[in-house]
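The next block holds one structure in the form of structure tokens; read it before the comments.
Hydrogens, waters and symmetry mates play no part in the numbers below; they use all other heavy atoms, side chains included.
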Amino acid sequence: MATPPAPPQPSMDMNANSKHMNPLPASVFTLPQTAQLEALFTIIRDKDTARGDFLFYSDRIIRLLVEEGLNHLPVIQRTVVTPTGASYDGVGFEGKICGVSILRAGEAMEAGLREVCRSVRIGKILIQRDEETALPKLFYSKFPNDIASRYVLLLDPMLATGGSAIKAVEVLMEHDVPEERIIFINLISSPEGLRKFSDKFPKLKIITGWIDEGLNEKAYIIPGLGDFGERRYCE
Amino acid sequence: MESRLRAMKEDLAAPISSRRSSFMAWEAKKNTVLVSHGRPPWYGEDGQRLTDAFVIGIAGGSGSGKTHVARQIVSALGNIPSIVVLSQDSFYKRHTPEEIELAFASLFDFDHPDSIDMPLFAQCLSDLKQCKQTNVPVYSFAEHQRLDETKYLYGASVIIAEGIMALQDPALRSLYDLKIFVQCDSDLMLARRLSRDVKERGRDVEGILGQYLRYVKPSYDNFVHPTSAHADIIVPGMNNTVAIELITTHVKRQMEGRAHHFRQKLATPRIHLPAVAAKFEDFKLDVLKMTPQLQGIFTIIRDANTSKQDFIFFVDRLSTILVEHAMAHLPYEPATVMTPIGTLAHGSAVDAKNVCGVLIQRSGGALERGFRRVLNDVPVGSLLVQSDSSSGEPLMLQVKLPTYVRNRNTAKDTFVFLLDAQIGTGAAAFMAIRILLDHGVPQDHIIFVCFLVARDGGVLVIRRAFPGVKIVCAAVDDNMEEGWLDDPNSEALGRKFWLMQPGMGQIGDRYYL
């Protein structure tokens, strides 16, 4: 009788993740590549988007990413009684989590994380390129004391070369967080960065919003959205 | 007309006691809660309008007492908000600067039928009669000009159109269910006119008299009085209480007959469902994919022991996920933008002229924060629909719609996210959808977003009546059970209602109280 609900409209073919990386490494998960998600990315990619809109729409994507990331955490059976007196066989959340943001752009994802996980503990890492060696170097880190017993959501909005993300994971592992208990969440990745990162940490799950074409000569993601931290905080 | 007169004669002939009881039901009540004033369903199970609004046309000379008669009818009908009085004065045509000059010199003939925008008058009346919204022009007597703004009207079950030319135009006459002519002596009309125009419209006596002799009197003799031949009943311009009681008795009888027609049918739609029909695939619902997190959220918000704080937090989180998912039902078009590093990005953008939200109070408000996290810069309207404590049928108490929807020209291009916590009996949802359709919002532009749908509840009736409406929900519950609700605000002991199982309890109470 009725028309079925419209399926989500797919994104444009040229943007499909499989176009830029096929097959995906087993540890990489992307959000559904729908027109509605593509529309959010289109807004934050646009250089003419005002800062207020950039904040609002990047927050929407970050919430979706965090929700997706949390689905990779374990749950246990739990039965409750509803206000109507019926019993409901559900699940309870299991295991403590904490967020770790890679300064400074990663901090932009904390608000979105806290909207989904109330009063979650958040650690910070500052990694910068060492001017002498041109390698990423740890400048600062501050974690909850019991981080080794928690699941860690590692936050960095852009995965370009993967250098600082890899360094961040190494720091976490030095603090006794097992690789398989880290979930790396980012908005946009380059195929190069994803490959390098997932080759190095095959048990670490990566949740990414979109996989772009690649890197340019300055190691910016193409088409990307420029410098996330700059746009979020400075412009 | 024959039958109407007969009905009136029967009214008179009926024994006093029965007249009294039918009168009481509609009598103006003081100090009662607004509930008794709501509008019951005006549509059937198939979603189609069952009956037109009842339209009364009142004509008569200027100062004959048309407005008084209209007010008396309104107050005798109980002063309920679903009565509207439409004045011919609103429909004076837009004037040229020259005409305005003449008008200020009292040299413009406002009493000629041509000064009235009859097609627009008929259009507005016809919209209201068909239970649609209308945008009535606003005329300023101070400026002698139609203003740019319009007045939005919707939801009247009785409409009274009054004006000297109310019975003039055949198109108008064909819309009336009852035509009244108010008959009055000329000297009395002139006296009233003088007094009113000086007091209310700021004119001077000389101007008024000149205008009267030049335009008003000839117009009355040539145009107004002859239309009394079209009237069903002629009412004297003074000492007319008997005539007004006659009219209101007739209208009440008509209204009761109409109301009777559909009572009982919609309050609990599932009772009227053929048992075989409830196949889940027929619902065409867009249900969120169950994930561990979603199940965890549901476990918390379904739990009777969850704290208020947690309930609100997880309901907000769920509504955010749900509205993000519902965004898939908007249309998208390709869009290309320039990124800050100078490359082109080919993406997409929402392809909808207007987007807005409408929440069904009170429990629909539980989705508002989630909605705002996704769409922060769109208007959000609200509808208050309550079920009547005695009959159980839904009553429309308040309609506050975004301006996009109020105006028919923009309503047809507007996508509306209709928000409610659940579809149980579906009575409120059904009414809300009908309201949007009355405003000219296309079915496939309505995206109904809710947490829960009862598998054997009213969703199937909604689906059958409105196949194009999109329904997005987070979960489907298995059944509904009859419950009893003690309502401290009601004089009645309580009322029957349907509880979803396992459900989330009274979502509005848990979120707000």
Side-chain angles (χ1 to χ4, degrees), chain A residues 1-9 11-12 14-15 34-36 38-39 41-43 45-49 56 59-60 63-64 67-68 70-75 78-93 115-116 118 216 218 220-227 230-231, chain B residues 282 284-286 291-296 298-300 302-306 313 316-317 320-321 324-325 327-332 334-350 373-374 376 444 463-464 467-468 470-472 481 483 499-506 510:
Chain A
M1 52 179 195
T3 49
Q9 301 154 72
S11 64
M12 290 166 76
M14 70 184 83
N15 291 331
T34 58
Q36 66 196 99
E38 190 179 48
F41 274 106
T42 306
I43 292 169
R45 289 182 197 277
D46 188 346
K47 71 175 170 59
D48 295 324
T49 293
F56 181 78
D59 274 345
R60 274 181 62 188
R63 268 197 305 263
L64 293 171
E67 287 285 0
E68 178 58 30
L70 294 176
N71 274 324
H72 294 270
L73 298 178
V75 289
R78 184 173 160 230
T79 300
V80 295
V81 177
T82 71
T84 60
S87 75
Y88 175 77
D89 296 325
V91 299
F93 301 129
E115 262 180 45
V116 177
R118 224 174 348 171
N216 70 5
K218 290 180 186 160
Y220 272 112
I221 299 176
I222 300 292
L225 48 69
D227 187 319
E230 281 288 312
R231 294 193 69 187
Chain B
D282 290 348
K284 311 282 183 202
L285 301 180
D286 181 5
T291 63
Q293 285 293 312
L294 199 55
Q295 211 184 353
F298 263 119
T299 308
I300 292 167
R302 286 181 190 276
D303 187 348
N305 296 318
T306 294
F313 177 82
D316 288 343
R317 191 174 149 197
T320 311
I321 298 172
E324 283 287 1
H325 179 79
M327 291 293 283
H329 293 277
L330 292 180
Y332 293 88
T336 299
V337 296
M338 179 69 80
T339 71
I341 51 171
T343 51
L344 287 178
H346 304 281
S348 56
V350 173
R373 283 177 182 165
V374 179
N376 67 336
D444 61 2
R463 187 36 90 213
R464 276 194 188 150
K470 284 138 182 173
I471 302 177
V472 181
E481 276 173 22
L499 267 180
M500 279 165 86
Q501 295 288 12
M504 292 163 59
Q506 292 289 319
R510 296 184 76 193

Is it the backbone or the side chain of Asp59(A) that comes under 4.5 Å from a heavy atom of chain B, or both, or neither? neither
Ile43(A), Thr79(A), Leu70(A), Leu225(A): which one forms the most heavy-atom pairs within less than 4.5 Å of chain B? Leu70(A)
Arg63(A) side chain to Thr320(B) backbone, donor-acceptor under 3.5 Å: no
Per-residue tally against chain A (heavy atom, under 4.5 Å) across Thr343(B), Thr339(B), Val472(B) peaks at Thr339(B)
Determine, stepwise, if the pair Asp286(B) / Lys470(B) fulfils side-chain contact (heavy atoms from CB on, under 4.5 Å). CA-CA 8 Å; Asp286(B) 181 5; Lys470(B) 284 138 182 173; over 6 Å; no
Please identify, among Pro292(B), Pro334(B), Gly505(B), the residue contributing the most non-hydrogen atom pairs under 4.5 Å to chain A. Pro292(B)
Thr336(B) versus chain A, heavy atoms under 4.5 Å apart: side chain, backbone, both or neither? neither
side-chain contact (heavy atoms from CB on, under 4.5 Å) between Leu330(B) and Met327(B), worked out: CA-CA 6 Å; Leu330(B) 292 180; Met327(B) 291 293 283; 3.8 Å; yes
Least distance between heavy atoms, Tyr220(A) atom then Gly226(A) atom: CE2-C, 4.3 Å
Could you go step by step and tell me if Glu324(B) and Glu67(A) meet the side-chain contact (heavy atoms from CB on, under 4.5 Å) rule? CA-CA 12 Å; Glu324(B) 283 287 1; Glu67(A) 287 285 0; over 6 Å; no
When heavy-atom pairs shorter than 4.5 Å are enumerated against chain B, which of Thr84(A), Ile221(A), Val75(A) gives the highest number? Thr84(A)
Within this structure, what is the CZ-NZ distance for the pair Arg231(A) and Lys47(A), rounded to the nearest 0.5 Å? 10.0 Å
What part of Ala345(B) is in contact with chain A, defined as an atom under 4.5 angstrom from a non-hydrogen atom: side chain, backbone, both or neither? both
When heavy-atom pairs shorter than 4.5 Å are enumerated against chain B, which of Asp89(A), Val116(A), Leu73(A) gives the highest number? Val116(A)
For chain B, which candidate among Pro74(A), Ala39(A), Pro83(A), Gly92(A) shows the most heavy-atom pairs at distances under 4.5 Å? Pro83(A)
Counting only non-hydrogen atoms closer than 4.5 Å, does Phe93(A) touch chain B with its backbone (N, CA, C, O), its side chain (CB onward), both, or neither? side chain
Side chains of Arg463(B) and Ile471(B): closer than 4.5 Å at any heavy-atom pair? yes
Identify which part of Phe298(B) has an atom lying under 4.5 Å from any heavy atom of chain A, answering side chain, backbone, both or neither. both
In terms of heavy-atom pairs under 4.5 Å, which option from Thr291(B), Ile300(B), Asp316(B) contacts chain A the most? Thr291(B)
For chain A, the option from Gly503(B), Gly296(B), Ser348(B) that forms the most heavy-atom pairs under 4.5 Å: Ser348(B)
Considering residues at least two apart in sequence or located in another chain, which fulfil the side-chain contact (heavy atoms from CB on, under 4.5 Å) criterion with Val80(A)? Arg78(A), Tyr88(A), Thr299(B), Asp303(B)
Please classify the contact between Ile321(B) and chain A as side chain, backbone, both or neither, with a heavy-atom cut-off of under 4.5 Å. side chain
By side-chain contact (heavy atoms from CB on, under 4.5 Å), Glu68(A) pairs with (sequence neighbours left out) Leu31(A), Asn71(A), His72(A), Ile207(A)
